[in-house]
Amino acid sequence: MRVGGSGQDYQSILRMLQQLNRQKKSSSLDIFGMLGGKAGGGGSSAGMVEVVPGYFCKNDPRIIANFRKNFDEDGDLYNSHGIAGMDITGKDPSEWHKIVDVSEEGRQSMFDMVKREFIQEKGIANGDTTQRSEVFAAYQRSIPKKDRLTATWTLGQYERQYNKAMYEAVRASNPDWQPGMDFDESVLSGITRESVEARIVQTGTDSLGLRSIDCLA
């Protein structure tokens, strides 16, 4: 499974590889266009070779070379953005559902995207036009692989609070407003990342929340 994106592409990849390994049909091609898969408990089949730990493919130099392109030097599978380290398969959520430090640049990129798309889509989350996957991917590339899961989770928590702040600001100016309705964009002109983050508090080891304006001194 992939984190910080718009789909479940990694989970789909893994399921396909596991199905191919169980079926053991020599005529089947996996989604990489090659014969390969993740080994089951019985190990590799005849004519198969372990390319990276736990992953086998047909013992053919061309197929092996193509198969290896989908993994980094540590044997971690790349996601659809070509980023490794986003695998949560077999991991307890508590391992990566944590609030950690996120760079100011990463938070600013997320805030800018949230504000731009909130105005563009009138407060509706549009999976067809959003650039959130690109924002997550750019941030993931900027940090060490070992930090990507927890930092991506945290950035997602910031994303939620930025959206909530936009919603509250528009509703404060027009209590009858609902997502999808036009609104006066000027009400968001004074909403900055700094002003929102002054209200963000950690509500648990794995979550952030937004204090109400009334709570601010």
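Just the heavy atoms: all of them, side chains too, but no hydrogens, waters or symmetry mates, feed the values below.
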[X] side chain to [Y] backbone, donor-acceptor under 3.5 Å:
{"X": "Thr154", "Y": "Thr150", "result": "yes"}
{"X": "Asp72", "Y": "Asp76", "result": "yes"}
{"X": "Asn79", "Y": "Ile83", "result": "yes"}
{"X": "Glu159", "Y": "Met110", "result": "no"}
{"X": "Arg141", "Y": "Phe136", "result": "no"}
{"X": "Asn70", "Y": "Asn66", "result": "yes"}
{"X": "Ser109", "Y": "Gly106", "result": "no"}

Report the distance from atom [atom1] of [X] to atom [atom2] of [Y], rounding to the nearest 0.5 Å.
{"X": "Asp87", "Y": "Leu77", "atom1": "CG", "atom2": "CG", "result": "7.5 Å"}
{"X": "Cys57", "Y": "Ile64", "atom1": "SG", "atom2": "CD1", "result": "5.0 Å"}
{"X": "Glu168", "Y": "Gln161", "atom1": "CD", "atom2": "CD", "result": "9.0 Å"}
{"X": "Gln140", "Y": "Leu149", "atom1": "CD", "atom2": "CG", "result": "8.5 Å"}
{"X": "Ile200", "Y": "Arg160", "atom1": "CD1", "atom2": "CZ", "result": "11.5 Å"}
{"X": "Ser103", "Y": "Ile143", "atom1": "OG", "atom2": "CD1", "result": "8.0 Å"}

Minimal non-hydrogen separation, [X] against [Y], with atom names:
{"X": "Ile191", "Y": "Ala169", "result": "CD1-CB, 4.1 Å"}
{"X": "Gly85", "Y": "Arg148", "result": "O-CB, 4.3 Å"}
{"X": "Arg199", "Y": "Ala165", "result": "NH1-CB, 4.4 Å"}
{"X": "Gly123", "Y": "Pro179", "result": "O-CB, 3.7 Å"}

Please check if [X] and [Y] belong to a single hydrophobic cluster, counting links between Ile, Leu, Val, Met, Phe, Trp and Tyr side chain heavy atoms closer than 4.5 Å.
{"X": "Met181", "Y": "Leu188", "result": "yes"}
{"X": "Phe111", "Y": "Val201", "result": "no"}
{"X": "Ile119", "Y": "Val170", "result": "yes"}
{"X": "Met113", "Y": "Tyr167", "result": "yes"}
{"X": "Ile124", "Y": "Val187", "result": "no"}

| task | Give the intermediate values and the outcome of side-chain contact (heavy atoms from CB on, under 4.5 Å) for residues Asp74 and Lys145. | result | CA-CA 11 Å; Asp74 300 319; Lys145 182 172 64 172; 2.7 Å; yes

Within the structure provided, determine whether [X] and [Y] are in side-chain contact (heavy-atom separation under 4.5 Å).
{"X": "Tyr158", "Y": "Val114", "result": "no"}
{"X": "Phe183", "Y": "Glu185", "result": "yes"}
{"X": "Ser207", "Y": "Gln202", "result": "no"}
{"X": "Tyr139", "Y": "Leu155", "result": "yes"}
{"X": "Met48", "Y": "Asn59", "result": "no"}
{"X": "Val49", "Y": "Asp60", "result": "no"}

| query | Which residue pairs pass the salt bridge (charged side-chain N to carboxylate O under 4.0 Å, His left out) test with at least one member in residues 94-110, sequence neighbours excluded? | reply |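 Only Glu104-Arg193, Arg107-Glu197 qualify under salt bridge (charged side-chain N to carboxylate O under 4.0 Å, His left out).
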
| request: Any pair with a residue in residues 109-125 that passes salt bridge (charged side-chain N to carboxylate O under 4.0 Å, His left out), sequence neighbours left out, goes on the list, sorted by first then second residue, please. | output: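 Output for this query lists Lys122-Asp182.
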
| query | Above 12 or not: heavy atoms from other molecules or residues under 6.0 Å from CZ of Arg171? | reply |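 Count over threshold, so yes.
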
| said: Looking only at side-chain N and O atoms, does Ser186 offer a donor or acceptor that is under 3.5 Å from a partner on Ser189? | reply: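 Per modelled atom types, Ser189 and Ser186 side chains form no pair under 3.5 Å.
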
| field | Proximity of Phe71 and Tyr55 rings by center, below 6.0 Å | value |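 Yes; Tyr55 has its ring centre under 6.0 Å from that of Phe71.
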
